[in-house]
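Scroll down for the structure; my scribbles are underneath it.
In listed order, ligands and their atoms are each counted from 1.
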Amino acid sequence: MNSFFDYKTVELTEKNGLPALKILDQTLLPNKVEYLELNTPESIFDAIYKLRVRGAPAIGVAAGYAVYVLTAIEADRLEKETGAETSPELMTFLDETADYLISARPTAVNLEWAVKRVVKAAKAAEKDFNFKAVTGGITEHGVGLNLRVVRALKEEAAAIHTEDIEMCRKIGENGLELLKPGMGILTHCNAGALATSGIGTALAPIYCGHEKGYDFKVYADETRPLLQGARLTSWEMSRAGVDVTLICDNMASTVMKQGKIQAVITGADRIAANGDAANKIGTSGVAILAKEYGIPFYVAAPSSTIDESCESGVDIVIEERPGEEIYKAWYEKPMAPEGVKTFNPAFDVTDHKYIAGIITEKGIWRP
Ligand code: MRU
């Protein structure tokens with residue numbers, strides 16, 4: 001929890017004596033605040049796919065805990081079924097679960113990054129257990145492979161969670177160096193508290209400035225088609241007492257031209273080695289507009305969002321989502337003829353030439 005925002009996006013809980021993943025269902029916001037307790041691979045996959053939990057860092061935290069929760073439940077099942085505390089098949093389950101969860105959404109690198117990180121910790125625990133079993137080294141009495149693996153997963157997932165909270169605060173402090181009191185700031189999508197477990201990435205410098213009485217005027221793009229700006233950013237910022245104005249995506253040029261915007265800050269889902277950054281669809285258009293009006297465009301993201309295996313934005317896989325999200329999902333009645341041809345890429349890539357700086361927890365990268 002943080003001082004700006006009184007809801008936890010992701011946390012661990014218990015259900016029937018076993019761990020479960022608890023998430024704030026973001027598809028219901030701003031009209032309903034409802035939590036879900038999930039403990040099956042399908043329900044967690046569905047929650048990530050349907051954006052019940054969303055935003056690259058929050059997806060990472062949820063996925064880390066998800067691997068732990070599902071493996072712990074499987075270990076419990078195996079123990080009840082076979083009585084064994086060491087089940088090599090648990091490692092197969094772990095690998096399959098990891099691949100399954102990673103496949104839920106392809107663009108946000110934090111999903112894959114977090115899952116691979118907890119799996120690596122589990123494999124290290126397995127290796128240590130096997131090594132001691134072979135060499136006769138000192139092992140903890142009565143602690144089988146399963147418990148060690150489950151413990152390692154829980155510790156690593158909790159570490160990702162703690163680091164995420166700290167990372168947000170550091171991004172906020174670093175990003176604030178670029179801002180001045182009274183500035184008008186445009187943001188796209190939601191890269192705030194709801195997208196992380198801390199105070200957000202793109203919104204973190206704004207919250208840090210707000211704490212110091214900087215009196216920013218924030219403009220939130222509604223962010224078609226899933227309305228993260230309207231439903232989430234304007235909700236969490238107004239709750240925090242920030243002066244936020246909601247605009248339609250196609251109004252960005254107008255507010256820039258009218259001199260209302262002095263900086264643009266967005267988040268990122270994956271940043272290539274050359275600085276090209278994938279973020280919510282529409283971001284690249286905002287960046288191009290900002291260049292035209294001489295407004296600095298900043299990307300704020302944890303260093304875990306930087307994917308050095310992607311040389312440039314061309315290598316970033318862009319998620320395509322069902323066309324119904326464009327004309328049906330948020331309306332009482334379809335707003336286009338049934339069966340209309342649609343194209344619904346969830347992200348776009350902003351060329352690094354439009355990015356004035358990338359704000360990370362380690363500092364600001366300049367071109
Ligand atoms: O599809 P979403 O809502 O998960 O997309 C979110 C974004 O594009 C965010 O800007 C990005 O994940 C950064 S969140 C700190």
Atom pair CH2/OH of Trp235 and Tyr7 - distance to nearest 0.5 Å: 5.0 Å
Nearest-0.5 Å distance, OG of residue Ser103 to OH of residue Tyr49: 11.0 Å
Under 4.0 Å from a heavy atom of [X]: give me the atoms of ligand 1 that qualify, with their elements.
X      : result
Ala191 : 14 (S), 15 (C)
Gln228 : 1 (O), 2 (P), 3 (O)
Leu51  : 1 (O), 3 (O)
Ala195 : 14 (S), 15 (C)

Using a 4.0 Å heavy-atom cut-off, which part of [X] comes near ligand 1: side chain, backbone, both, or neither?
X      : answer
Thr266 : neither
Lys280 : both
Arg105 : side chain
Ala56  : both

Distance-only polar pair, side chains of Tyr293 and Ser253, donor-acceptor under 3.5 Å: yes
Residue pair Val242, Glu236: steps toward the side-chain contact (heavy atoms from CB on, under 4.5 Å) verdict: CA-CA 9 Å; Val242 176; Glu236 69 161 81; over 6 Å; no
Inter- and intrachain pairs under side chain to side chain donor-acceptor pair (under 3.5 Å), touching residues 16-29, at least two apart: Asp25-Thr27, Asp25-Arg52, Gln26-Arg54, Thr27-Arg52
Residue-ligand contact Ala268/ligand 1, heavy atom below 4.0 Å: yes
